[in-house]
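Structure first, commentary second.
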2 protein chains.
Amino acid sequence: MSSVSLKDVAAAADVSFQTVSKVLNGKGSVAPKTRSRILEAAGSLGYVPNALARSLQGTSTHTIGVISTDFSRPEVALNIVGIEHEARRHDVAVIIGSLDPDGTDCERYLRVMLERRVDGVIMNAPATEHYPRVGELLRDSFTAVSLHEVAGGGVPVVRPNAQDSGLLPTRHLLQLGHTRIATITGQAGRRITEHRTEGYRRALEQRSVAFDATIVEPGEWTVEGGYAATHRLLDRAEDVTAIYVQNDRMAIGALSALHDRGLRVPDDCSVVGCDGVAESARTIPPLTTVHIPFHETGETATRLLLDIISGQSKPRSITLPVSMVYRSSTASPQPR
Amino acid sequence: MSSVSLKDVAAAADVSFQTVSKVLNGKGSVAPKTRSRILEAAGSLGYVPNALARSLQGTSTHTIGVISTDFSRPEVALNIVGIEHEARRHDVAVIIGSLDPDGTDCERYLRVMLERRVDGVIMNAPATEHYPRVGELLRDSFTAVSLHEVAGGGVPVVRPNAQDSGLLPTRHLLQLGHTRIATITGQAGRRITEHRTEGYRRALEQRSVAFDATIVEPGEWTVEGGYAATHRLLDRAEDVTAIYVQNDRMAIGALSALHDRGLRVPDDCSVVGCDGVAESARTIPPLTTVHIPFHETGETATRLLLDIISGQSKPRSITLPVSMVYRSSTASPQPR
DNA sequence: CTGTTAGCGCTTTCAA
DNA sequence: TTGAAAGCGCTAACAG
């Protein structure tokens with residue numbers, strides 16, 4: 001472990017350690033001879049500046065915290081990768097915390113971020129969107145940007161257009177001629193689920209198709225959840241001719257369930273996913289879905305956070321556009 | 001932003017800041033009255049200790065670095081989540097760096113970790129396994145544990161049994177009666193690819209089935225790569241009756257390609273994946289695969305790293321067992 | 001051009 | 001039981 005300090009370099013170059021500091025930071029003026037002597041000493045000693053000591057008197061730690069829901073889900077991972085890429089572009093380090101499913105450990109993580117004096121925090125924790133204490137902490141003690149709503153508001157939110165994520169695919173199905181369109185939703189009680197469902201509902205309304213709560217089935221975001229939800233749905237309403245599944249992983253489960261029931265996609269039932277994960281291109285059949293810019297969302301949130309920290313930008317929320325990806329899991333309803 | 005310091009608390013409680021330090025760290029003996037006065041002052045002022053200052057004279061920063069290949073791939077994400085979980089259990093913060101595909105920015109990240117004086121580093125960067133400079137740095141300047149081999153060795157490696165990951169599924173196919181068994185490999189030149197292929201080869205040898213390089217096709221680990229590789233493979237060798245695909249994402253592509261060619265799985269061709277991602281349970285048909293304990297690998301590596309740091313353990317490598325998951329994409333070959 | 005003085009927030013002796 | 005002194009590695013301001 002490197003523990004060569006400025007003083008060590010100074011001793012080797014026979015100058016004061018403050019002069020070394022100047023040279024290494026390119027500040028002040030130093031005699032060329034001294035400078036090169038110092039540079040050489042630093043090089044041969046393998047000097048590496050101590051970022052902690054540096055942060056101690058500066059105002060910035062060049063570090064941000066990311067508190068995220070379990071990022072083994074690919075969409076979430078893409079968010080984080082986007083965040084990390086943008087942070088790195090600005091020479092900012094990222095400390096990460098991954099929450100348990102209920103987000104009950106969020107405050108603990110926030111505390112850690114406080115102790116480490118991060119310059120700001122990016123929240124990607126839908127589970128905490130109704131926790132007032134988290135919202136309070138974020139507003140009072142941090143410069144923060146969130147990818148989901150925050151209890152009590154007051155924190156800039158950067159996210160893909162969730163309502164369009166429901167509206168676009170539903171409209172697509174309507175345009176194909178479907179009228180019995182079911183939806184398999186994400187986790188109940190989450191804003192993002194509400195928004196996607198709201199988009200679905202609005203698309204129906206625009207075409208004067210009645211919303212029917214009996215063909216709205218929760219699927220928990222998981223492959224298995226989507227599989228089970230599809231069975232429950234079709235056990236109850238076999239006249240459904242199309243399903244908008246609120247994420248691709250559940251859609252993979254839905255395709256499997258449909259297949260197990262002897263139903264052909266899209267002939268007997270159309271399916272639209274949401275998210276645009278890589279796998280969706282090669283499901284059987286390839287999945288029509290909504291492309292959500294997860295990576296870009298992470299980048300944008302980070303850029304905003306960094307701009308707010310540096311005073312270059314005022315806090316504001318940003319919504320990113322989503323777009324349809326048409327593949328072969330959707331078609332006009334066939335007479336049966 | 002909280003910038004209440006020990007001195008502020010001391011002033012409020014009318015004692016010296018050193019006494020406050022004692023109380024807050026539970027050291028030394030302090031009069032009960034003083035103690036409670038200090039505690040109250042700290043509480044009402046919202047004092048949060050500065051971890052950076054604390055690290056400055058201590059020997060540890062309670063921080064580890066993780067340098068990883070792009071973790072938007074679910075297997076990789078699982079590794080990282082495992083690392084994070086274990087670190088958090090030990091109250092250690094995690095700084096993350098995600099490499100570009102070639103890992104050329106690895107040294108830069110290592111430098112950042114050095115500057116931040118992390119206690120140790122976990123490497124998950126197969127792309128750098130042949131970079132001597134990375135190996136050197138790791139050995140000379142860090143306490144490190146890697147999830148992949150490191151150039152020049154000397155760094156403990158914690159990883160799932162890669163050879164078994166090839167041997168077990170191939171043996172399964174052989175036991176079903178297949179003899180024309182192809183494999184779609186991961187990225188060429190990577191150790192993990194070599195190991196999985198070596199396992200495949202060994203299983204064949206054990207049953208005296210000749211290894212045939214013409215039915216070994218590289219697939220780049222991606223869905224699309226697996227799709228394309230399957231087509232290339234079958235264009236060349238249509239007598240293949242089974243394929244061991246070296247990861248589940250490529251296997252999804254393979255199932256799709258097989259379907260597009262009008263081949264039925266498993267009747268016309270059996271497919272075994274590798275990794276055991278959630279999607280594999282609901283592909284069409286559900287995929288027989290190898291379960292790889294990615295989360296546990298991350299946890300184990302972290303526990304080892306932390307133990308090495310604290311001197312509780314000597315550096316050593318650990319191999320974790322993998323296991324078969326039997327589903328419906330494999331069957332005995334059918335006469336055609 | 002260079003070194004001195006001061007201090008970031010904290011922990012750790014050591015005296016009082 | 002408490003506080004004063006010292007120092008972790010560094011930067012910043014100023015004097016020489």
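FYI, side chains are in, hydrogens and waters are out, and symmetry mates aren't considered; it's all heavy atoms of this structure. Lettering of chains follows the sequences in order, A, B, ..., and the numbering in each one begins at 1. A quick note: this is a predicted structure, and the numbers were derived from the prediction, not measured.
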Next item on the list: Identify the heavy atoms of Glu129(A) and Arg191(A) that sit nearest to each other, and give their distance.
Entry: OE2-N, 2.7 Å
Margin query: For a quick test of reading the model, state the closest non-hydrogen atom pair linking Leu304(A) to Pro156(A) and the distance between them.
Written below: CD2-CB, 4.2 Å
Next item on the list: Sugar-phosphate means primed atoms, P, OP1 and OP2; the rest is base. With that split, encode nucleotides 7-16 of chain D 5' to 3' as B, S or - using protein heavy atoms under 4.0 Å.
Entry: BBBBBB----
Checklist line | Pairwise ring-ring contact (aromatic ring centres under 6.0 Å, His included) hits with a residue in residues 70-119 of chain B, at least two apart | finding: His85(B)-His295(B)
Next item on the list: Let me see the working for Ser16(B) and Thr19(B) under side chain to side chain donor-acceptor pair (under 3.5 Å), right down to the final yes or no.
Entry: CA-CA 5 Å; Ser16(B) 74; Thr19(B) 304; 3.1 Å; yes
Check: Is there a side-chain polar atom (N or O) of Thr34(A) under 4.0 Å from OP1 or OP2 of dT2(C)?
Finding: yes
Item checked: Under-4.0 Å side-chain N/O to phosphate OP1/OP2 contact, Thr19(A) with dG3(C) -> yes
Notebook entry, point to check: Which whole-number value in Å describes the distance from Arg37(B) CZ to dT1(D) P?
Noted result: 14 Å
Next item on the list: Run the numbers on Ile308(B) and Lys314(B) for side-chain contact (heavy atoms from CB on, under 4.5 Å), then give the verdict.
Entry: CA-CA 6 Å; Ile308(B) 295 174; Lys314(B) 290 269 151 254; over 6 Å; no
